[in-house]
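A short write-up of the structure that comes next.
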Amino acid sequence: MQRKLIIGVILDAGRAQDQILTAFDSLGLEPSLLRVLREVGYDAATPIQAQSIPNLLDGRDLLGIAQTGTGKTAAFALPVLQHLDPLESASPKRPNALVLAPTRELTVQINTELEKLGAASSLRHGLVIGGVKENPQIRQLAKGVDVLVATPGRLLDLAANGHVDLSHVSILVLDEADRLIDMGFVRDVRRIVAQTPNSRQSLLFSATMPKEVQTLASEILNDPVRVDVSPKQVTVAKIEQRVVHAEMPEKQQVLETLLREPDVERAIVFTRTKHGASRVAKKLVRAGIGADAIHGNKSQNARQRALQNFRDGETWVLVATDIAARGLDIEGVSHVVNFELPHEPESYVHRIGRTGRAGAEGMAWSLVADDEAKRLTAIERLTKERLAVWTCEGSDLAEVSPASAMPAGDPKGDRKGGRNRRSRGRGSSGEGQTPERSNQRRSGQSRSSQGNDNGDSSGGAGGTGGRRSRSRRRNRSAGNTQPA
Ligand code: ADP
Ligand code: MG
């Protein structure tokens with residue numbers, strides 16, 4: 001018995017069925033942009049777009065409070081495109097618009113959206129991000145870029161060396177300001193803003209409004225319009241949530257069992273640390289599961305490759321830290337697994353929101369050790385739901401207690417008795433069943449060949465589970481049939 005939990009989460013405003021959408025042609029956009037919107041299939045404006053675009057076209061500053069997936073990029077990109085188009089093209093090194101975002105992935109996504117929406121315009125846009133060679137960026141800036149999308153560190157470096165001049169920036173966008181601050185960029189952001197003219201139009205978007213963001217907003221924005229589309233206008237996604245009690249040493253094995261369940265199409269696994277992400281991914285690969293890690297210590301190219309492989313279905317498990325996964329818009333994620341629970345209960349909601357997007361149903365598993373009980377309580381208090389408890393013994397998953405709405409005034413409930421639950425799981429064990437099924441599925445064409453690719457580089461470290469050895473053997477022998 002599996003009750004579906006309904007949680008208000010974020011996401012996929014554009015594609016959501018149940019949002020109040022506004023016609024784009026009522027917002028003051030030019031016909032050429034309206035045409036592009038029709039071509040790319042944006043039938044109607046999302047709430048943040050509907051509320052921001054007319055104000056931005058009026059030249060107002062804007063404070064936008066909105067979660068990931070609400071369509072912020074087009075909310076600022078469309079006015080930027082419309083504003084800048086009639087202006088003279090950027091002179092070398094002097095962008096007219098600057099968009100700052102916290103991670104390289106986000107800048108790439110913004111650039112892609114600009115590309116898409118700017119199809120009918122002659123504006124040039126460019127990327128300045130760390131972790132890749134400077135020279136191509138320097139050359140691009142020298143040719144002239146109208147809209148520059150950047151992460152703060154590299155931009156400051158290039159500015160300090162005279163490769164970019166921010167004194168002509170007439171529109172400044174800070175995207176995901178709370179993350180910029182979390183990631184320690186606040187001083188860099190201030191230094192960048194100081195290099196732009198006071199007469200600029202400024203936009204700041206943030207999913208949350210802690211004090212630091214309010215302070216930054218008050219420094220940067222001039223009499224801003226405030227648009228708040230969270231959390232009431234959020235999409236309701238159907239995400240089934242389950243908890244498995246597992247101590248740290250058991251977690252990897254449990255994770256592998258979960259991932260081999262037949263309904264796992266594509267999964268994101270969250271770890272708390274970058275090292276954790278690498279370690280977990282490496283072990284998955286060794287177990288024949290096509291996985292890759294994405295986190296801030298990886299080179300830009302490695303991260304883009306990992307993302308692309310995941311999008312293309314080359315790998316089907318992405319192991320990520322919260323920051324690396326922030327804002328990623330990936331379709332078809334059937335499962336999210338929390339290898340550890342996050343410290344902040346809000347992060348849990350963000351994480352599980354990676355699945356169940358666009359009205360699809362998703363599944364979120366959390367591996368919870370005894371010392372994470374407090375975090376689980378905090379999450380259940382925030383979501384006002386009690387998560388279903390499952391056990392995992394070997395490869396046998398069993399439900400212990402179903403999910404339930406939490407009675408008001410009893411946020412903690414009575415959730416003890418992990419040991420009991422375990423023994424129940426053991427009692428109902430049907431060893432052999434699940435592995436058979438999973439192995440069959442996992443030997444499917446594309447995935448087992450992916451396993452080979454990864455397996456080749458992993459060397460054969462000793463696993464314990466018979467199932468793991470089986471799949472490794474299978475991968476090996478399959479690998480032998482392939483040309484080297
Ligand atoms: P955010 O920056 O708020 O996280 P994005 O701007 O990246 O969100 O948009 C999320 C997804 O929704 C993207 O895939 C984007 O192409 C799509 N999208 C945005 N606006 C619309 C719209 N009006 N109609 C349909 N899809 C949209
Ligand atoms: Mg965004």
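When a ligand or atom number is given, it counts from 1 through the structure's own listing order. In this chain, residues are counted from 1 in sequence order.
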Item to check | Atom indices of ligand 1 within 4.0 angstrom of Thr73 heavy atoms, with elements | outcome: 2 (O), 5 (P), 6 (O), 7 (O)
Checklist entry - Counting heavy atoms only, which of Phe24, Tyr42, Phe76 is nearest atom 25 (C) of ligand 1? => result Tyr42
Checklist entry - Do Asn338 and Leu367 come within less than 4.5 Å of each other through their side chains, counting heavy atoms only? => result no
Item to check | Heavy-atom check, side chain of Thr271 versus side chain of Glu340, under 4.5 Å | outcome: yes
Checklist entry - Should one rank Lys72, Lys116, Gln49 by closest heavy-atom distance to atom 20 (N) of ligand 1, which comes out on top? => result Gln49
Next on the checklist: Is any side-chain heavy atom of Phe76 closer than 4.5 Å to one of Ile48?
Outcome noted: no
Checklist entry - Within the structure, does Asp43 bring an N/O atom to less than 3.5 angstrom of an N/O atom in ligand 1? => result no
Checklist entry - Between Lys374 and Glu372, is the closest basic N to carboxylate O distance under 4.0 Å? => result no
Checklist entry - Is it true that Gln109 lies under 4.0 Å from ligand 1, counting heavy atoms only? => result no
Next on the checklist: If we count only N and O atoms by modelled type, under 3.5 Å, do the side chains of Asp292 and Thr315 hold a donor and an acceptor together?
Outcome noted: no
Checklist entry - Any side-chain heavy-atom pair from Ile171 and Pro79 closer than 4.5 angstrom? => result no
Checklist outcome for this item: Note: ligand 1 atoms sitting under 4.0 Å from heavy atoms of Thr70 are 1 (P), 3 (O), 8 (O)
Next on the checklist: Among Gly71, Ala207, Ala44, Ala74, which one puts a heavy atom closest to atom 23 (N) of ligand 1?
Outcome noted: Ala44
